[in-house]
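Each chain gets a letter, A, B and so on, in the order the sequences are listed, and its residues count up from 1.
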Amino acid sequence: MRLSKEDIKRISDLARIELNEEDESLFAEQMSGILRIVNKLDKVDTSGMDQMVTPTGFTNVLREDIALPSLDPKEALFNAADREGAFFKVPRIIEVD
Amino acid sequence: MFEPVIGIEVHAQLKTESKLFCSCSARFGASPNSNTCPVCLGLPGTLPVLNKKAFEYGIRTALAFNCKVAEISGFDRKNYFYPDLPKNYQITQQASPVGVNGYLDVVIDDETRRIRIKRVHLEEDAGKSIHEGGDITGAVFSLEDYNRAGVPLLEIVSEPDIRSPKEAYEYLSMLRRTLLYLGVSDCKMEEGSLRCDVNISVRPKGSDSFGTLVELKNLNSFRAVERSLEYEVKRQSELASENKEIIRETRHWDEEGQTTVGMRRKGLAEDYRFFPDPDLPRLIIGESWIEKVRSDLPELPGERKARFIRDYELPEYDASLLTDTQQLADYFEEAAKEYGHAKTVSNWIMGELLRLMNVTGIGIESVKIRPCDLVAMLKMIDKGTISGKIAKTVFEEMFTQGKSPGDIVKEKGLVQIADEDELTKIVDLVIQDNQKVVEQVKAGKDRAIGFLVGQVMKETKGRANPQMVNELLRQRLAGEN
Amino acid sequence: MKLSELGAFELLPMIKRKEVSVEEATVGILNKIKAVDRDIQAYITVTNEHALQRAKEADLRLNEGKPPRPLEGLSVAIKDNICTKGIKTTGASVYLEDFVPPYDATVVRLLEDAGAIIVGKTNLDELAMGSSTESSAMFPTKNPWDLQRVPGGSSGGSAAAVIADEAVFALGSDTGGSIRQPAAFCGIVGLKPTYGLVSRYGLIGYASSMDQIGPMTKNVRDCAMLLNVIARHDPKDAQSYTGEPVDYTQFLIPDINEVIVGVPKEFLNKGLSKSVKDAFMKALNKLEGLGAKVVEVSLPHSDHALAAYYVISSAEASSNLARLDGIRYGYRAAGCEDSASMTAISRGKGFGSEVKRRIVLGTHILSKGNFEKYFNDALKIRSLIFRDFEKIFKECTCLVCPSSPTVAFRIGEKIRDPLEMYLSDVYTVPPNLAGLPGISIPCGFDEEGMPIGLQIITKQFDEATLLQVAYTFEQATDFHKKKPQLQKYDCGSESTRGDRNV
Ligand SMILES: [Zn+2]
């Protein structure tokens, strides 16, 4: 289960992080090491065990449907790198599949 | 011969006060980014808390579509990057939707077709991107408005059970009608509160295989769905009969050209990396909760139609039309109960009322005539206070003025003349002025009497009791012999 | 003793009796920060003006005769991954360098409502990913006991600030040991509460199913006082505990006669340094001497805890941090052609190596084909570990083990090897997986004078027992009273450097 540089490239695309070549090689090496250990989990007998998503297992937590005041758009937009009027502005969106 | 295999995914915005996971208003039409908060902007550190009403609307809809309601339901994260998605994951229900395995009965040409519903699940809506220049391909930048981000959506996915464009249209109409009856969504396609995606493939008739799936987008009305499907059925059938390849792709409906245009290959399926959202505890939907929601279910359109046919002895056509919306059905029922003769009420609603509503573009909820006014008017006809013909005038006045029929009749002096002496005078006058016609009647041309009746009505501006006029004319003409 | 050296339980009565004004107490801390933080670098932001303003308001309140609030006038440091309205919250990341939240974390609201004075935001490993505070994009924090060493992490800034008297107490966050390990490395008390006891609302999410905010204090009493204020149900966190609030100070009774202490045998083998083992053994003897019964127990699946932890935490982190996309807040790389590459380049430049590595790892784990193999498996192993603990708590009141296999290591010693660094959390990770509370308290020093921590673990929502055992041990020992030698700094002198203010 060794990850190649190309694997790292593909995964980092999915994670939408641009890595430099050096990081790609380094991560391939380091992640392969981590996965070697993780792969040992395969050997553990987990038959009959549930998947524990959270440890406390609370259920049915709901809030009443009440609308409360929102942020002032000025506050909402305050931290944006770019804006136009009351909109967040982004470079053009290219539809990719 | 090829037959289409069609499946439909509908997204309906739920009519809640607040968003699915935060307290921002879920209302349409606010100024850009004014319905946003740290949660729905996906600011670091914020957490979702589920809207109870939205979830119960999910159960409600699942029940209405005859689904099995999940014993344990939960939310998952669907991970993908898009600027209109603030967290870059959508909270949805992948593994345990609120309802599965339901169906919706649709009547087409007097035949009931059962379309199976695969799943009903809740998810959050994304924001809105405005592409500068209007066209995504030519845009230099885009503007993001997150007012819609986090608004509750219900996704209703059919099995590929639909076999014709018309069936698709009827399925959508029935689905929309049902959601409106349930009161869970406004279902306004023009505001985007109802959206649909359609999958279509074709196969040789009788085969149980599936062809290559094509997804249709940009369907802004049910008519667009029907037309785009008609186009696709033709296109795909032609390709198939020529043994040409049908490409698995998404096609865009071009309303102007009335054609579908290939957008992009579906290619490799996207990797959404679904996993259970650890921020949201699971929901255990016990029997008592289901029963509570079930007990609040309104009568659904199919049931109501059946009851109208049974209890009011209406023809199927009337019952269909009257149950198109809940408000119209309520209107009918209120009037019919008070008046007694349901078919008469139905005739007036389907005839005059719907005609006037069409002409004026007024919806049933804004009609000024109260059901009790309609009944009062019908009783005036029965009592002979007004004629059926005059009643149409009265009804129009009621529709525009919102006054009671009694007031209108009084104000306009439309009370029927049923006074024998008064009518006799007019009848005599008409006989005197129309001797030629009188001769014809006497010569046995019985039909000509209608002209004389018409003249009397003209003299009385339609207020004369037509039966009395008829009788009096006959008496007088007979007497002249 | 200087004013800044006082713990909460000593200072609060003085403020209540008006022997010390809130302003004096606050200025004392701010001066200490000015004097020592140039070397220790515990703080990313010092909120001088904000703190002084709040202090004056507090004095005004008290002078008007209003009753003092539970944490009146006590200076608190907040880990910089906890959102503070109007005060920069960076997560020690280039990506969030200029982020000013428009809202307060629930714990921040609770603290301020209780009268506490926020004096600053403390350093951490970038976005809480790390065990040494070296992965901070700002600067590494130094261990006040030895400036060549790390303070632990990720809440290293908070731990260092508390032991160096740069705050009365602090908040940290703990996903796999990030409160307890730095508490051990710096010789203070650090509590990771039961998952759900303290609201996560406003804590920059790392691994949502394990993240908890908790107190980091000079002693167990202060810990109970701080916990009293922050352990509240919060409707904004759907995983928040709905039980009634508890006054934890009422359990500060030095008595463990009925207590059965379990020692997991798996925790005493490989990787445990001799000095830590010695100190731990002495601590066990002490507990026995105090009346507790010590028994050996087994956590058979603990070997797999670290692997399961990295699978789950990386997966959750990859999703939680996807929102940092350069659009609504945070760093945006200039001159990008389209939105997708803008996000990719901004994230590439805005995140450090450790964060990128964990996001890429988490993305890999959740992707097609791996989800079942890694993620679902890890969640099942989590169940196994939970069950192991459940069994133990049928016979034991609590578990004890070292907080970390070693004392604080040297800066740069482990930063090159992530696996080596991860091993630092081997004793703290299992309670996070099972949602259990854990506390680290000082239990000794090694031959070089570096502090050693003892971890105590109880069943869920049994912080009362946890604090009682910890308090009993603390009262019978003097480890918590020892302070690092920082006397070369003249605390009374004027500012030696510019304020890092907002
Ligand atoms: Zn919101």
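- To the nearest 0.5 Å, atom CZ of residue R358(C) and atom CD1 of residue I34(A) are 8.5 Å apart.
- Counting heavy-atom pairs under 4.5 Å between each of Q30(A), Q51(A), K40(A) and chain C puts Q51(A) at the top.
- For A81(A) against G330(C), the heavy-atom pair with the smallest separation is CB-O, 4.3 Å.
- Here the side chains of I381(C) and M49(A) are not in contact, with every heavy-atom distance at 4.5 Å or above.
- The two residues D42(A) and D377(C) have their closest heavy-atom pair at OD1-OD2, 3.6 Å.
- Within 6.0 Å of NZ in K459(C) there are 12 or fewer heavy atoms belonging to other residues, nucleotides or ligands.
- Going from atom CZ of R357(C) over to atom CG of L26(A) covers 6.5 Å, rounded to the nearest 0.5 Å.
- Using a 4.0 Å cut-off between a side-chain N of Lys or Arg and a carboxylate O of Asp or Glu, R16(A) and D325(C) do not qualify as a salt bridge.
- There is no contact between Y103(C) and chain A, counting heavy-atom distances below 4.5 Å.
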Could you walk me through whether F58(A) and T242(C) satisfy the side chain to side chain contact (heavy atoms under 4.5 Å, CB included) test, starting with their C-alpha distance in whole Å, then the side-chain angles of each, then the deciding distance to 0.1 Å, before giving a yes or no? CA-CA 10 Å; F58(A) 296 147; T242(C) 48; 5.9 Å; no

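- When heavy atoms are compared at a cutoff of 4.5 Å, V38(A) approaches chain C by way of both its backbone and its side chain.
- Minimum heavy-atom separation, V360(C) to S12(A): CG2-CB, 4.2 Å.
- Around atom CD of E29(A), no more than 12 heavy atoms belonging to other residues, nucleotides or ligands sit under 6.0 Å away.
- A pairwise comparison of heavy atoms in S209(C) and T54(A) identifies CB-CG2, 3.9 Å as the closest pair.
- When heavy atoms are compared at a cutoff of 4.5 Å, Y241(C) approaches chain A by way of both its backbone and its side chain.
- The parts of I17(A) that come within reach of chain C are both its backbone and its side chain, each placing non-hydrogen atoms under 4.5 angstrom from that chain.
- L14(A) and S367(C) get closest at one heavy-atom pair: CD2-CB, 4.2 Å.
- Proximity of N39(A) to Y374(C): side-chain heavy atoms (C-beta onward) are separated by under 4.5 Å at one or more points.
- Contact count versus chain A (heavy atoms, under 4.5 Å) is highest, among R387(C), M210(C), E316(C), Q239(C), for Q239(C).
- Comparing T343(C), N376(C), I345(C), I359(C) by heavy-atom pairs within less than 4.5 Å of chain A, the highest count is held by N376(C).
- In plain terms, the two heavy atoms of E337(C) and P91(A) that are nearest each other are O-CB, 3.9 Å.
- Distance check, rounded to the nearest 0.5 Å: OH of Y422(C) to CD1 of I37(A) gives 10.0 Å.
- With a 4.5 Å cut-off on non-hydrogen atoms, D23(A) touches chain C through its side chain but not through its backbone.
- Proximity to chain A (any heavy atom under 4.5 Å) is shown, for F99(C), by both the backbone and the side chain.
- Among the candidates C336(C), S353(C), A322(C), G326(C), the residue making the largest number of heavy-atom pairs closer than 4.5 Å to chain A is S353(C).
- Residues V100(C) and E75(A) have side chains not in contact (no heavy-atom distance under 4.5 Å, counting atoms from C-beta outward).
- For CZ of F78(A), the number of neighbouring non-hydrogen atoms (other residues, nucleotides, ligands) closer than 6.0 Å is 12 at most.
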Pair L384(C)-T46(A), side chain to side chain contact (heavy atoms under 4.5 Å, CB included): steps then yes or no: CA-CA 7 Å; L384(C) 281 171; T46(A) 55; 3.9 Å; yes

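- Contacts between R416(C) and chain A at a heavy-atom distance below 4.5 Å involve the backbone alone (N, CA, C, O).
- Side-chain contact between T56(A) and F461(C) is present, with at least one heavy-atom pair separated by less than 4.5 Å.
- Within the 4.5 angstrom heavy-atom criterion, only side-chain atoms of K85(C), from C-beta onward, approach chain A.
- Residue with the most contacts toward chain C among D13(A), V53(A), D45(A): V53(A) (heavy-atom pairs, distance under 4.5 Å).
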What do the steps show when you test H364(C) against L35(A) for side chain to side chain contact (heavy atoms under 4.5 Å, CB included), and what is the final call? CA-CA 10 Å; H364(C) 180 62; L35(A) 290 175; 3.6 Å; yes

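- Chain A forms more heavy-atom pairs under 4.5 Å with one residue of D417(C), I312(C), L361(C), N432(C) than with any other, namely L361(C).
- The most heavy-atom pairs under 4.5 Å with chain A, out of S339(C), S318(C), P235(C), S341(C), come from S339(C).
- The most heavy-atom pairs under 4.5 Å with chain C, out of R10(A), M52(A), E18(A), come from M52(A).
- Residues of residues 299-308 of chain C placed with any heavy atom under 4.5 Å of a heavy atom in chain A are listed by number as H301(C), H304(C), A307(C), A308(C).
- Taking CG of L366(C) as the reference point, atom CD1 of I11(A) lies at 11.5 Å (rounded to 0.5 Å).
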